[in-house]
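Some notes on the structure that comes next.
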Amino acid sequence: MAKRDYYEMLGVGREASDAEIKKAYRKKAMEHHPDRNAQDPNAEARFKEVNEAYDVLKDSQKKAAYDRFGHAAFENGHGAGARGGFQGGGGDFASAFSDVFEDLFGDFMGGQAQGRTRRARGSDLRYNLKMSLEDAFNGKKATIDVPGSAACEVCSGTGAEGGAEPLTCPTCSGHGKVRAQQGFFTVERTCPTCSGRGQIIKNPCHACGGSGVVRKARTLNVNIPAGVETGTRIRLAGEGEAGLRGGPPGDLYIFVEVEAHPIFQREAQDLYCRIPVSMTTATLGGEIDAPTIDGGRTRVKVPVGVQSGKQLRLRGKGMPALRATTTGDLYIELAVETPVNLSHRQKELLRQFDEEGRDNSPETQDFFSRVKGFWDGMKG
């Protein structure tokens, strides 16, 4: 029986580009894969045909020969010995599966990564930085000591004695992975010789033992912007652990913790402060000095007859927003003090004040009026 045209098998024209041929092959391979057509006894044969067609059309030399001579180009041993070639239309299912595995998943699992260097990226580091609320308000330059690793100076981070270049792993040919065929399936695993790096070191550096890194503490100067708060994370790119054998370094993450303040409480960009005022000032009104986070003070007017718990708002006296131009507010909560340790004269004056000032306490009168109504209702 005459063999079908390879272009027809993949459903493309002879003028199709390499990308179009590959796209058509992937579609056909998935369509006719035996695992997806378990009930179809002809699926394996169609799957092998598709692989045979793609094996020829993906290779420029084979494709040119096929375009000129057709199937005769591969009969009587012609084309034999080429990588992955089907000789005379033959081939076995296991190698066909290996080819489709590589073409479909090679980009993700390293199947087409021959010669690519695998250099492990260094780990990220975390540094917890405590700072005062004043420093969070102003911003600061902090000097921190970071324990970690750095590239070995003896081998320049290569891990090889004398700084020599690593060699391509002979087991995996630089892939970092090796394959083992088990019946119809191909299993891929990390290369045991190079541990997935794709390279080996013949003579490891005596200073770092072949890792390319050594333990070394570093001192860094860090600019902490104004407006940070507990939980703020600052990333310093490339300041983490050094990468193995010349790999890129990780990053350093600074986590800020703002310590509690003895005067101010913070909520986002707003500050809260509780200030005691005398009973006389609360009754007659007046002015008090209020502290501010910048170390200064501001005069605050206390309204006449203010009650304990009253909040006064000072706009723009709070914390700056991180990397922005806005500023929060300062809220002052007034706490009216009850005088203690009174003299006999002071007590007499307060009793006299209480007798004469009953009409000046509307809230008290209203409360006792409601209590009297409650009692009268209980008696009735």
Side-chain angles (χ1 to χ4, degrees), residues 1-116 171-192 196 198:
M1 184 178 63
K3 299 183 64 174
R4 291 177 60 195
D5 182 76
Y6 286 154
Y7 291 98
E8 181 183 343
M9 289 181 187
L10 298 182
V12 297
R14 291 183 174 269
E15 69 283 354
S17 64
D18 292 343
E20 292 172 334
I21 292 175
K22 186 173 185 178
K23 181 178 180 181
Y25 161 68
R26 289 184 173 183
K27 181 179 178 180
K28 290 291 185 179
M30 296 299 293
E31 178 183 347
H32 299 301
H33 198 286
D35 289 346
R36 303 184 66 179
N37 301 274
Q39 305 302 321
D40 187 353
N42 298 320
E44 179 178 338
R46 292 196 301 270
F47 181 70
K48 292 173 66 175
E49 286 182 345
V50 168
N51 276 276
E52 178 181 348
Y54 181 62
D55 184 73
V56 171
L57 299 184
K58 72 178 181 179
D59 187 293
S60 59
Q61 293 182 352
K62 291 182 182 180
K63 182 175 181 292
Y66 178 75
D67 290 342
R68 185 174 181 183
F69 301 107
H71 293 294
F74 307 103
E75 295 175 354
N76 299 322
H78 292 293
R83 178 186 179 273
F86 285 83
Q87 299 182 14
D92 60 88
F93 181 77
S95 64
F97 184 86
S98 177
D99 283 348
V100 73
F101 184 91
E102 177 176 344
D103 284 309
L104 290 179
F105 306 107
D107 293 340
F108 301 100
M109 302 188 68
Q112 297 177 356
Q114 184 168 351
R116 182 176 64 190
T171 303
C172 64
S173 300
H175 288 289
K177 296 180 181 294
V178 293
R179 293 176 179 175
Q181 292 188 185
Q182 299 179 356
F184 289 161
F185 297 95
T186 300
V187 179
E188 189 172 69
R189 58 189 176 86
T190 301
C191 176

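A search for side-chain contact (heavy atoms from CB on, under 4.5 Å) contacts involving Arg68 returns nothing, not counting sequence neighbours. In this structure, Tyr7 has no ring-ring contact (aromatic ring centres under 6.0 Å, His included) partners at least two apart in sequence or on a different chain. For Ser60, there are no side-chain contact (heavy atoms from CB on, under 4.5 Å) partners at least two apart in sequence or on another chain. Remark: Thr190 engages no residue in a side-chain hydrogen bond (donor to acceptor under 3.5 Å, both in side chains) (not counting sequence neighbours). Residues that satisfy the side-chain contact (heavy atoms from CB on, under 4.5 Å) test with Ala45, not counting sequence neighbours, are absent from this structure. The salt bridge (charged side-chain N to carboxylate O under 4.0 Å, His left out) search around Arg14 returns Asp5, Asp67, not counting sequence neighbours.
When each of Asp55, Leu57, Asn51 is checked for a side-chain contact (heavy atoms from CB on, under 4.5 Å) with Tyr25, only Asn51 meets the rule.
Here CE of Met30 is found 9.5 Å from CZ of Phe47. Values are rounded to the nearest 0.5 Å. Distance check, rounded to the nearest 0.5 Å: CZ of Arg4 to CD of Glu52 gives 11.5 Å. Atoms CG and NZ, from Leu10 and Lys22 in turn, are 13.5 Å apart once rounded to the nearest 0.5 Å. For the atom pair Lys28 NZ and His32 NE2, the distance stands at 5.0 Å (nearest 0.5 Å).
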**Request:** Quick one: do Ile21 and Lys63 satisfy side-chain contact (heavy atoms from CB on, under 4.5 Å)? Show the steps, please.
**Result:** CA-CA 11 Å; Ile21 292 175; Lys63 182 175 181 292; 3.9 Å; yes

**Worked check of side-chain contact (heavy atoms from CB on, under 4.5 Å) between Tyr54 and Met9** = CA-CA 9 Å; Tyr54 181 62; Met9 289 181 187; over 6 Å; no

**Item:** Test side-chain contact (heavy atoms from CB on, under 4.5 Å) applied to Arg189 and Val178, step by step
**Value:** CA-CA 6 Å; Arg189 58 189 176 86; Val178 293; 3.9 Å; yes

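Within 6.0 Å of CD in Glu8 there are more than 12 heavy atoms belonging to other residues, nucleotides or ligands.
Formation of a donor-acceptor pair under 3.5 Å by the Asn37 side chain with backbone atoms of Asn42 is not found in this model.
Looking at heavy atoms from C-beta onward, Glu31 lies out of side-chain contact with Val50 at the 4.5 angstrom threshold.
Between Gly198 and Cys172, the shortest heavy-atom distance links the atoms CA-SG, 4.2 Å. Closest approach of Ala24 to Val12, counting heavy atoms only: CB-CG1, 3.5 Å.
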